[in-house]
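Written out below as structure tokens is the structure these notes cover.
Indexing begins at 1, ligand by ligand and atom by atom, following the structure's order.
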Amino acid sequence: MASYALPLHHHGKSKVRLGRVWRDGNVHHMVEWDVYTMIDSDMEHAFLNGDNTGMTATDTQKNTVYVIAQRMAQKCTIEQYAIALAQHFVRTYPLVSKAKIYVEQKPWTRVQQTGAPHDHGFALQGTELRTVYVTYDKAGTLDVTAGLKDLSLLKTTQSGYEGFLRDQFTVLPEVNDRIMASTVTCTWKYSAPPPCYDAAYAAAKQGLLDAFLGPARGGVYSPSVQYTLYNMAKNILDRVPQSESIFLNMPNLHFIPCNPVGSTFNNDVYVATSEPHGNIEAVITRQGIAPHCKL
Ligand SMILES: O=c1[nH]c(=O)c2[nH]c(=O)[nH]c2[nH]1
């Protein structure tokens with residue numbers, strides 16, 4: 001008769017993605033975390049007999065990740081949060097002997113707008129790349145298209161989405177306060193060389209930031225990604241006189257209001273998502289100029 005051992009077992013939820021916003025008046029703090037839970041528990045009977053009695057389901061663990069995040073009343077570190085979560089599991093469930101919590105924090109950093117910290121605007125530190133695409137032909141035609149990709153921007157308020165078509169397939173609520181987040185790809189084609197490519201790049205990037213975030217105090221309201229995208233492109237045309245055509249791609253990275261166990265959502269805890277995401281794209285040119293293609 002063969003005999004078996006079960007030297008290791010544990011179960012948890014991986015990659016529970018959350019955004020947490022703490023509102024201190026008009027000044028907002030925000031973090032985005034990927035949380036992994038794993039618990040050791042006296043659950044041999046589940047493996048051996050198919051008996052789930054007393055098991056803390058991984059779905060319950062996922063909900064707990066959000067609820068404990070909501071209970072962190074003050075802006076906290078991942079260490080403080082992970083300790084609170086681990087203690088909750090061990091102290092709440094008699095069969096749980098150990099909780100193992102791993103948290104990764106995204107490098108969202110408050111944007112400085114003309115030297116002042118923005119109330120509610122954040123950028124992912126150091127993720128954007130500066131790009132250029134040059135063509136030159138036998139006729140001597142030189143085309144320079146500069147740009148950037150992977151500029152991740154987020155604001156915790158001053159964004160809404162209302163008035164869109166509703167039919168039997170529409171469930172999205174209309175909101176006038178939501179998180180807006182995107183990873184911006186932008187290219188601008190030059191009609192002539194600017195006096196300084198570095199200065200033109202800096203002006204273009206600042207134009208994008210100004211239209212997305214607005215001033216450090218109060219920001220600027222966005223009724224849609226579409227409207228904000230158009231204003232971002234206009235800023236480049238206005239501030240970089242040698243630019244003639246702007247391509248912008250902006251995924252709408254959804255942070256979904258979260259109330260996992262019917263607790264009230266208070267603009268505090270969000271399910272962070274990257275897929276599926278909206279995708280908004282346009283080319284904006286000076287009047288009469290042919291649009292350039294993406295590159
Ligand atoms: O700014 C937005 N534009 C959309 O086209 C859209 N679609 C959607 O579901 N949410 C949003 N938000």
Side-chain angles (χ1 to χ4, degrees), residues 17-21 23 26 28 30 32 66 106 108 111 113 118-124 127-128 147-188 204-215 218-238 245-260 264-285 291 293-294:
R17 296 190 53 190
L18 74 93
R20 177 67 165 99
V21 175
R23 293 183 174 218
N26 286 333
H28 296 184
M30 87 70 68
E32 184 183 345
Y66 291 113
K106 296 265 166 66
W108 288 111
V111 170
Q113 280 286 63
H118 199 282
D119 280 349
H120 54 253
F122 300 84
L124 266 191
T127 53
E128 86 258 19
L148 54 75
K149 62 189 272 199
D150 297 341
L151 171 65
S152 291
L153 298 176
L154 179 152
K155 56 184 188 173
T156 54
T157 187
Q158 287 288 53
S159 162
Y161 186 58
E162 299 174 282
F164 48 89
L165 180 153
R166 301 203 76 86
D167 65 8
Q168 69 271 31
F169 297 139
T170 308
V171 291
L172 186 72
E174 307 201 19
V175 288
N176 58 18
D177 194 3
R178 65 173 182 174
I179 288 182
M180 184 163 105
S182 188
T183 298
V184 179
T185 296
C186 180
T187 62
W188 53 94
K205 183 178 167 188
Q206 194 59 50
L208 296 174
L209 287 172
D210 287 349
F212 189 99
L213 297 175
V220 62
Y221 186 73
S222 164
S224 66
V225 174
Q226 284 86 338
Y227 184 79
T228 296
L229 179 153
Y230 192 69
N231 282 293
M232 291 162 77
K234 278 199 307 188
N235 271 358
I236 298 181
L237 291 171
D238 289 347
S245 175
I246 318 294
F247 165 87
L248 265 165
N249 173 267
M250 292 179 60
N252 186 11
L253 303 173
H254 306 295
F255 282 74
I256 299 161
C258 176
N259 46 356
T264 25
F265 171 70
N266 195 24
N267 292 312
D268 46 10
V269 181
Y270 300 80
V271 178
T273 67
S274 43
E275 288 105 20
H277 60 73
N279 196 20
I280 320 296
E281 191 169 278
V283 178
I284 295 92
T285 66
C293 64
K294 178 172 173 166

Measure the acute angle between the ring planes of His120 and His28, then classify it against the limits of 30° and 60° as parallel, tilted or perpendicular.
tilted
Looking only at protein heavy atoms, which one is nearest to atom 8 (C) of ligand 1, and how far off is it?
Tyr161 CE2, 3.5 Å
Here's a test for you: under side-chain contact (heavy atoms from CB on, under 4.5 Å), which of Thr157, Val21, Asp177 qualifies with Asn267?
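Between Asn267 and the candidates, side-chain contact (heavy atoms from CB on, under 4.5 Å) is satisfied uniquely by Asp177.
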Does a donor on one side chain and an acceptor on the other come within less than 3.5 Å for Thr170 and Asp167?
yes
Geometry only, no angles: is Arg178 polar-contacting ligand 1 at N/O separations under 3.5 Å?
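In this structure, Arg178 places an N or O atom under 3.5 Å from an N or O of ligand 1.
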Geometry only, no angles: is Leu172 polar-contacting ligand 1 at N/O separations under 3.5 Å?
no
Applying side chain to side chain contact (heavy atoms under 4.5 Å, CB included) to Met180 and Tyr161, what does each step give before you reach the verdict?
CA-CA 10 Å; Met180 184 163 105; Tyr161 186 58; over 6 Å; no
Mark up the atoms of ligand 1 that fall under 4.0 Å of a heavy atom belonging to [X], in ascending order.
X	value
Ser224	1 (O)
Val225	1 (O), 2 (C)
Gln226	1 (O), 2 (C), 3 (N), 4 (C), 5 (O)
Asn252	2 (C), 10 (N), 11 (C), 12 (N)

Distance, nearest 0.5 Å, that separates OG1 of Thr185 from CG of Leu248
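So the OG1 of Thr185 and the CG of Leu248 are separated by 8.5 Å.
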Structural part of Met180 in contact with ligand 1, heavy atom criterion under 4.0 angstrom
neither
Gln113 vs Gln206, test: side chain to side chain contact (heavy atoms under 4.5 Å, CB included). Steps then yes/no.
CA-CA 9 Å; Gln113 280 286 63; Gln206 194 59 50; 2.7 Å; yes
